[in-house]
Amino acid sequence: MKTNPVFSAAKRLAMKLAIGLALPLCGLTAQAAEEQAYRFSPVNQASIALSADYWNPIVAYVSEKSGVKLVLKIGRTSADTTAYVLAQEVEFVFSNHLFSPERDKLGWKVFGRRLTPPIHGQLIVPAESTITDLTQLGGKDVVYPGPEAFVSYKVPYAQLLNQKVDAKVVFAGNTDSALAQLFSGRVAAAGVNSQLAENYARREGKKFRVLWSSEPLHDLALMAAAKVPEKDVQAVAKAFAGMHKDPKGQAILQEVSKHIGLTQEAYFINSDGSEYAPYRKFYQTAPAQLR
């Protein structure tokens with residue numbers, strides 16, 4: 001497997017600016033630790049800049065409404081963010097990286113999710129590509145957000161492995177970077193989350209063709225670590241689930257959703273975790289290297 005971090009000068013500048021935005025977040029996290037705040041880590045689905053634009057107002061609202069202080073903690077890549085989780089450096093997450101049998105034992109509890117249409121893991125090519133079948137990806141570079149991306153990497157890559165298509169794996173760090181490489185012609189295809197690919201295509205005016213699509217899956221889950229007191233989990237869950245019913249919360253959701261291409265209907269609801277059974281089922285038959 002290899003990483004292909006080749007960007008244009010503009011892309012490099014944008015990446016530097018995005019990484020720069022992550023550093024103050026880390027500083028805020030250290031300061032908040034002294035105030036006994038809980039750290040909240042959403043999986044990187046876009047650049048750090050876009051992720052911060054989306055999550056910072058939501059986290060501020062939930063903190064104020066619940067009386068439970070949350071502080072955003074985002075790594076440079078989705079793998080970095082998940083590493084924080086596995087190292088027990090955060091207490092709340094928005095993730096689908098914790099449903100493998102081994103990680104289930106860590107005790108993370110689902111308390112909510114974002115209400116969006118079902119998503120699919122997909123393998124896509126630019127609309128003008130001459131590739132029309134998965135078998136044509138043999139020997140070619142296929143880009144994915146990162147090794148922890150369940151919907152965008154594990155699900156579509158498992159399909160290639162099951163069909164014995166020997167494509168080369170490239171990791172980009174997040175979905176935006178992966179799609180930038182796809183549409184620049186650096187790679188032949190991309191493994192994506194259907195929702196994120198559609199949002200990116202709308203924002204950037206791009207068109208793509210789907211070579212393969214998985215069964216429908218639910219979006220990422222809001223989860224709390226086992227060590228968080230139940231009263232704090234319930235207060236945070238109530239604030240997230242009630243956000244769209246409060247005029248102030250609704251206004252925030254409408255504004256921040258524009259940053260990542262979601263509609264105003266993409267609000268948060270309660271969940272007992274049962275919707276994520278397909279994630280757990282995947283690991284029962286997945287290729288060994290993806291379990």
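Everything quoted here is computed from the prediction, not taken from an experiment.
With hydrogens and angles ignored, the 3.5 Å screen pairs no side-chain donor or acceptor of T82 with any backbone N or O of A79. No donor-acceptor pair under 3.5 Å is formed between the side chain of S95 and the backbone N or O of V43. A donor-acceptor pair under 3.5 Å is formed between the side chain of E91 and the backbone N or O of R39. For S152 (side chain) and N193 (main-chain N/O), a donor-acceptor pair under 3.5 Å exists by modelled atom type. A distance-only check finds a donor-acceptor pair linking the side chain of N199 to the backbone of I260 [under 3.5 Å].
Between K206 and L182, every side-chain heavy-atom pair lies at or beyond the 4.5 Å cut-off. You'll find the side chain of I124 reaches within 4.5 Å of the side chain of L179, heavy atoms only. For the pair Q289/L161, a side-chain contact is recorded, criterion being any heavy-atom separation below 4.5 Å from C-beta on. Side-chain atoms of V93 and W108, non-hydrogen and from C-beta on, do get closer than 4.5 Å to each other. Within the 4.5 Å cutoff, the side chain of L137 has heavy atoms near those of the L134 side chain. Under the 4.5 Å side-chain criterion, counting only non-hydrogen atoms from C-beta, H97 is not in contact with K154. You'll find the side chain of W212 stays beyond 4.5 Å of the side chain of L160, heavy atoms only. Side-chain contact between I58 and F268: present, with at least one pair of heavy atoms (C-beta onward) separated by less than 4.5 Å.
Closest approach of G75 to T81, counting heavy atoms only: N-OG1, 2.9 Å. The two atoms that bring V256 and Y54 nearest to each other are O-CD1, 3.4 Å, heavy atoms only. Taking each heavy atom of P278 and E215 in turn, the nearest pair found is CB-OE2, 4.4 Å. Nearest heavy atom pair, residue P156 against residue F150, reads CD-O, 4.4 Å. Nearest heavy-atom pair, G191 versus P145, reported as atom, atom and distance to 0.1 Å: O-CD, 3.6 Å. Closest heavy-atom contact between D219 and I119: CA-CD1, 3.8 Å.
Here the straight-line distance linking atom CD of Q250 with atom CE of M243 works out to 10.0 Å at 0.5 Å rounding. Here the straight-line distance linking atom CD of Q136 with atom OG of S129 works out to 8.0 Å at 0.5 Å rounding. Between atom OH of residue Y267 and atom CZ of residue R113 there is a gap of 10.0 Å, rounded to the nearest 0.5 Å. Put simply, CD1 on I48 and CG on D176 are 11.5 Å apart, with the number rounded to the nearest 0.5 Å. The OG1 atom of T77 lies 9.0 Å from the CD atom of E148; values are rounded to the nearest 0.5 Å. Interatomic distance, CZ of R202 versus NZ of K207, reported as 14.0 Å (0.5 Å rounding).
Looking at residues two or more places apart in sequence or on another chain, you find a ring-ring contact (aromatic ring centres under 6.0 Å, His included) between Y276 and F99, Y279. With sequence neighbours excluded, the residues forming a side chain to side chain contact (heavy atoms under 4.5 Å, CB included) with A224 are F92, F111, V233, listed by chain and number. Residues satisfying the side chain to side chain contact (heavy atoms under 4.5 Å, CB included) test with P101, not counting sequence neighbours, are Y283. Residues satisfying the ring-ring contact (aromatic ring centres under 6.0 Å, His included) criterion with H218, sequence neighbours excluded, are absent altogether. For F94, the ring-ring contact (aromatic ring centres under 6.0 Å, His included) partners two or more places apart in sequence, or in a different chain, are W55. Residues forming a side chain to side chain contact (heavy atoms under 4.5 Å, CB included) with K140 (at least two apart in sequence, or on another chain): I131, A188.
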Applying side-chain contact (heavy atoms from CB on, under 4.5 Å) to R114 and L262, what does each step give before you reach the verdict?
CA-CA 11 Å; R114 191 166 56 194; L262 291 173; 3.6 Å; yes

Between S51 and N44, does a side-chain hydrogen bond (donor to acceptor under 3.5 Å, both in side chains) hold up when you go through it step by step?
CA-CA 7 Å; S51 296; N44 308 48; 5.5 Å; no

List the steps and the verdict of side-chain contact (heavy atoms from CB on, under 4.5 Å) for V236 and Y38.
CA-CA 11 Å; V236 169; Y38 293 121; 5.8 Å; no

Would you please test E198 and F208 for side-chain contact (heavy atoms from CB on, under 4.5 Å) and show each step?
CA-CA 9 Å; E198 290 163 7; F208 62 85; 4.2 Å; yes

May I have the step-by-step check of side-chain contact (heavy atoms from CB on, under 4.5 Å) for V143 and R186, ending in yes or no?
CA-CA 9 Å; V143 67; R186 301 280 180 191; over 6 Å; no

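Note on E102 versus K105: no salt bridge recorded, every NZ/NE/NH1/NH2 to OD/OE distance being 4.0 Å or above. A salt bridge links E64 with K248: the distance from a Lys NZ or Arg NE/NH1/NH2 to an Asp or Glu carboxylate oxygen falls below 4.0 Å.
Under a cut-off of 6.0 angstrom, the local environment of CG in D166 is sparse, with at most 12 non-hydrogen atoms contributed by other residues, nucleotides or ligands. Residue-environment remark: CD (Q88) stays at or below the threshold of 12 foreign heavy atoms within 6.0 Å.
I74 and L196 end up in different hydrophobic clusters when Ile, Leu, Val, Met, Phe, Trp and Tyr side chains are linked at under 4.5 Å.
Ring geometry for Y144 against Y153 counts as perpendicular: the plane angle is over 60°, on a 0 to 90° scale with 30° as the lower cut.
A cation-pi arrangement is found for K73 relative to Y84, the charged atom lying closer than 6.0 Å to the ring centre and inside a 45° cone about the ring normal.
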